[in-house]
Amino acid sequence: MPEREEQTQELSEILRVRRDKLEALKQEGRDPYEVTSFDKTHGSTDIIDRFDEYEGKDVSVAGRIISKRIMGKASFFHILDGQGSIQVYARRDVMGEEPYAEYKKMDIGDIVGVTGEAFRTNAGEISVKAHTISLLSKSLLPLPEKWHGLKDTDLRYRQRYVDLIVNPDVKKTFYMRSKIIKSIRDFMDNRGYIEVETPILQDSAGGAAARPFITHHNTLDMDMYMRIATELHLKRLIVGGFEKVYEIGRIFRNEGMDTRHNPEFTTIEMYEAYTDYKGMMDLCEDLICYCAEQVLESDVLTYDGVEVNLKRPWKRLTMVDAVKEYAGVDFSACEDDEQARSKAKEAGIHFEGTPTRGELLNEAFEQKVEEHLVQPTFICDYPVEVSPLAKRKADEPWLTERFEVFVTSRELGNAFSELNDPDDQRERFMDQVRRREEGDDEANMMDEDFVTALSYAMPPTGGMGIGIDRLVMLLTDSHSIRDVLLFPTMKPKGE
């Protein structure tokens, strides 16, 4: 018999047996799904970490049976709760013959409540000596074999609930994610920022170069867009008189999927009046280092086997100088676009059509520089063509006061001295509209209301966005964005 067919038959038999057990319980009036609560007094880690305090005392624990070893009149099993796992010791002469017999019918995967005494076994393992064991919920499906059996990456992402049960390190990652987000909030709140919420459904998708998701509002009979950034609404609040605002929010972009990109992801964007992109650089260093210290208790970490040193100050390099260093081309010395194209060809930079000097500078950076930026590095002064919302540099108007921060060769954050000239903003929106008409579906849309807001005067402002998923990847040594999203986007099984 083929191995797959044999496994299918074995699974079918397991399912039949478990359903038979459930039916028997129901016939006896002991349906486990009718249990509504259990008086749990302690967690596994509480007992283990404070055993001197709890030894010999009664405790009540609850969790999922993850291993079981029956030895006739006595048994050992482990339960997994929200903190970790703890061993339970069950004896027939302590529990009584009938309750012990009922316990023996329980399966790995079942949820149980245990009351008993905290003690240490002869082997030295901290355990609970069970007085009673209550079945709280019946598992009809078996856990992956031998506890660490869920190895299929695709299945892990699809059935995250099983992944969390059988792979403790996965649960640890998401506890760390929660702690990172809390650290971000604490940091921002302590700096005097106000957390706000802005619309997810918008009539114009703006604030980034990305293809939006489109939906339809039935009552208004109009198409709407899932937001691709929180930027434009947050800057409206700066116009309205808030001086420090931030939002941690879900963003939606109808784009490709890989180890760094998921169609929905989480960012923090923050805006502060009366500062610029240099102020945002200082804030970025402080924020990320604060998170590392809170979560890792260190400003040095290891990512994919490479040591990353977050100690401040981080390296700061203009895009022009970075391209000059790694690609050998000084685009600031080019007299016109044609000369820039000639220099780019000589340096082996690939491009199509007739890009401008600024577009070529950005292309050269992406092709020749990014891969070298392993240690934290600020790349500053992006060309205006790829920075439609950033303020121009006064002495080099083909560039903008913008930076991106790179760690482990990937972008972690993006910041500007925010453009607050309504006429300049309108012209850049019009250029973006022209690009959309030429087929660039990631170009910005015109946002007349945002231009109107700027016309009421926005103070000099620094703004920054940081990808929280990528920050979590960095601090947890995770190599795919799917490893830090509880429920990543997946193509339906079988399609």
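- Under 4.0 Å is where a charged nitrogen must lie from a carboxylate oxygen, and between Lys171 and Asp163 no such pair does.
- Closest approach of Leu360 to Pro355, counting heavy atoms only: CD2-CG, 3.5 Å.
- Between Phe487 and Tyr161, the distance separating the two ring centers is not shorter than 6.0 angstrom.
- Looking only at side-chain heavy atoms (C-beta outward), Phe174 and Thr476 stay at 4.5 Å or farther from each other.
- The shortest distance between side-chain heavy atoms of Cys291 and Ser183 falls below 4.5 Å.
- Separation of the Phe378 and Phe403 ring centroids falls under the 6.0 Å cut-off.
- At a cut-off of 3.5 Å, with distance as the only test, no side-chain donor of Ser60 or Thr115 sits close to an acceptor on the other residue.
- For the residue pair Tyr277 / Asp381, a side-chain donor-acceptor distance below 3.5 Å is found, with atom types taken as modelled.
- Residues Glu418 and Lys235 form a side-chain contact, since some pair of their non-hydrogen atoms from C-beta on lies under 4.5 Å apart.
- In this structure a side-chain-to-backbone donor-acceptor pair under 3.5 Å is missing from Arg253 to Arg211.
- Remark: side-chain polar atoms of Arg482 are not paired, donor with acceptor, to backbone N or O of Met490 under 3.5 angstrom.
- Ser478 and Tyr303 make their closest contact through O-OH, 2.7 Å (heavy atoms, listed as atom of the first residue, atom of the second, distance).
- Under the side-chain hydrogen bond (donor to acceptor under 3.5 Å, both in side chains) rule, Glu23 has a single partner from Gln27, Lys21, Lys26, which is Gln27.
- With 3.5 Å as the limit, one finds a donor-acceptor pair spanning the side chains of Arg470 and His261.
- The shortest distance between side-chain heavy atoms of Met464 and Glu272 does not fall below 4.5 Å.
- A cation-pi arrangement is found for Lys68 relative to Tyr103, the charged atom lying closer than 6.0 Å to the ring centre and inside a 45° cone about the ring normal.
- Side-chain atoms of Thr215 and Tyr225 include no donor-acceptor pair closer than 3.5 Å.
- With a 4.5 Å cut-off on side-chain heavy atoms, Ile214 and Met224 do not count as touching.
- Aromatic ring centres of Phe51 and Tyr54 lie farther apart than the 6.0 Å criterion allows.
- A cation-pi arrangement, defined by a distance under 6.0 Å to the six-membered ring centre and an angle within 45 degrees of its axis, is present between Arg402 and Tyr382.
- The main-chain N or O of Val300 is never found under 3.5 Å from a side-chain atom of Glu307 such that the two would form a donor-acceptor pair.
- Enclosure of atom CD in Glu297 is not indicated, since only 12 or fewer non-hydrogen atoms of other residues, nucleotides or ligands lie within 6.0 angstrom.
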Does the pair Arg312 and Asp282 meet the rule for a salt bridge (Lys or Arg N to Asp or Glu O under 4.0 Å), with working shown? CA-CA 9 Å; Arg312 291 158 284 187; Asp282 295 337; over 6 Å; no

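- Not a single ring pair (Phe, Tyr, Trp, His ring centres under 6.0 Å) links Phe38 to another residue, sequence neighbours left out.
- Not a single donor-acceptor pair under 3.5 Å links the side chain of Asp447 to the backbone N or O of Leu232.
- Between the side chains of Gln375 and Asn309, no donor-acceptor pair of N or O atoms lies under 3.5 Å.
- A donor-acceptor contact shorter than 3.5 Å is absent between the side chain of Glu363 and the backbone of Phe351.
- Stacking of Lys129 on the aromatic ring of Phe119 is recorded, both the 6.0 Å distance cut-off and the 45° axial limit being met.
- Panel note: side chain Arg160, backbone Leu486; a donor-acceptor pair is recorded below 3.5 Å.
- Here OG1 of Thr377 is found 6.0 Å from NZ of Lys315. Values are rounded to the nearest 0.5 Å.
- Under 4.0 Å is where a charged nitrogen must lie from a carboxylate oxygen, and between Arg120 and Glu125 no such pair does.
- Scored by the side chain to side chain donor-acceptor pair (under 3.5 Å) test, Arg436 finds no partners at all (sequence neighbours excluded).
- The nearest pair of heavy atoms linking Asp483 to Tyr157 is OD1-OH, 2.6 Å.
- Defined by atom type and a distance below 3.5 Å, a donor-acceptor pair is present between the side-chain atoms of Ser44 and Asp81.
- Ala62 and Lys40 get closest at one heavy-atom pair: O-NZ, 4.0 Å.
- Pairing each heavy atom of Asn444 with each of Ala209, the nearest pair is ND2-N, 4.1 Å.
- Applying the side chain to side chain donor-acceptor pair (under 3.5 Å) test to Ser480 and every residue at least two apart in sequence or in another chain returns nothing.
- Remark: the backbone N or O of Asp107 is paired with a side-chain donor or acceptor of Asp110 at under 3.5 angstrom.
- Distance check: Ile86 CD1 to Phe77 CZ gives 10.5 Å after rounding to the nearest 0.5 Å.
- Inter-residue side-chain proximity for Val323 and Lys368 is flagged as unmet; no heavy-atom pair is nearer than 4.5 Å.
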Passes side-chain contact (heavy atoms from CB on, under 4.5 Å), Leu296 versus Glu293? Steps please. CA-CA 5 Å; Leu296 304 177; Glu293 289 159 4; over 6 Å; no

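- No more than 12 heavy-atom neighbours from other residues, nucleotides or ligands sit within 6.0 angstrom of CD on Glu197.
- Salt bridge status for Glu264 with Arg227: absent, with no side-chain N to carboxylate O gap under 4.0 Å.
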What's the verdict on side-chain contact (heavy atoms from CB on, under 4.5 Å) for Val245 and Tyr193, showing C-alpha distance, side-chain angles and the deciding distance? CA-CA 5 Å; Val245 295; Tyr193 280 77; 5.6 Å; no

Walk me through it: do Phe187 and Tyr246 pass the test ring-ring contact (aromatic ring centres under 6.0 Å, His included)? CA-CA 11 Å; Phe187 177 90; Tyr246 77 94; 9.9 Å; no

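- For Ser409 and Glu371, the side-chain atoms include no donor-acceptor pair closer than 3.5 Å.
- For Glu269 and Tyr271, the side-chain atoms include at least one donor-acceptor pair closer than 3.5 Å.
- Nearest approach of Thr259 to Met473, heavy atoms of both residues: O-CE, 3.8 Å.
- Counting heavy atoms from C-beta on, the side chains of Arg16 and Ser12 never come closer than 4.5 Å.
- Taking 4.5 Å as the limit, some side-chain heavy atom of Arg316 sits within range of a side-chain heavy atom of Met281.
- To the nearest 0.5 angstrom, Leu389 atom CG is 5.5 Å from Phe416 atom CZ.
- For CZ of Arg30, the number of neighbouring non-hydrogen atoms (other residues, nucleotides, ligands) closer than 6.0 Å is greater than 12.
- Distance check, rounded to the nearest 0.5 Å: NZ of Lys324 to OG1 of Thr318 gives 7.5 Å.
- A side-chain N or O of Ser67 and one of His78 form a donor-acceptor pair less than 3.5 Å apart.
- With salt bridges taken as basic N to acidic carboxylate O contacts below 4.0 Å, none links Lys138 and Glu34.
- Between Ile184 atom CD1 and Lys179 atom NZ the span is 13.5 Å, to the nearest 0.5 Å.
- For the atom pair CG (Asn262) and CD1 (Ile251), the distance works out to 13.0 Å, reported to the nearest 0.5 Å.
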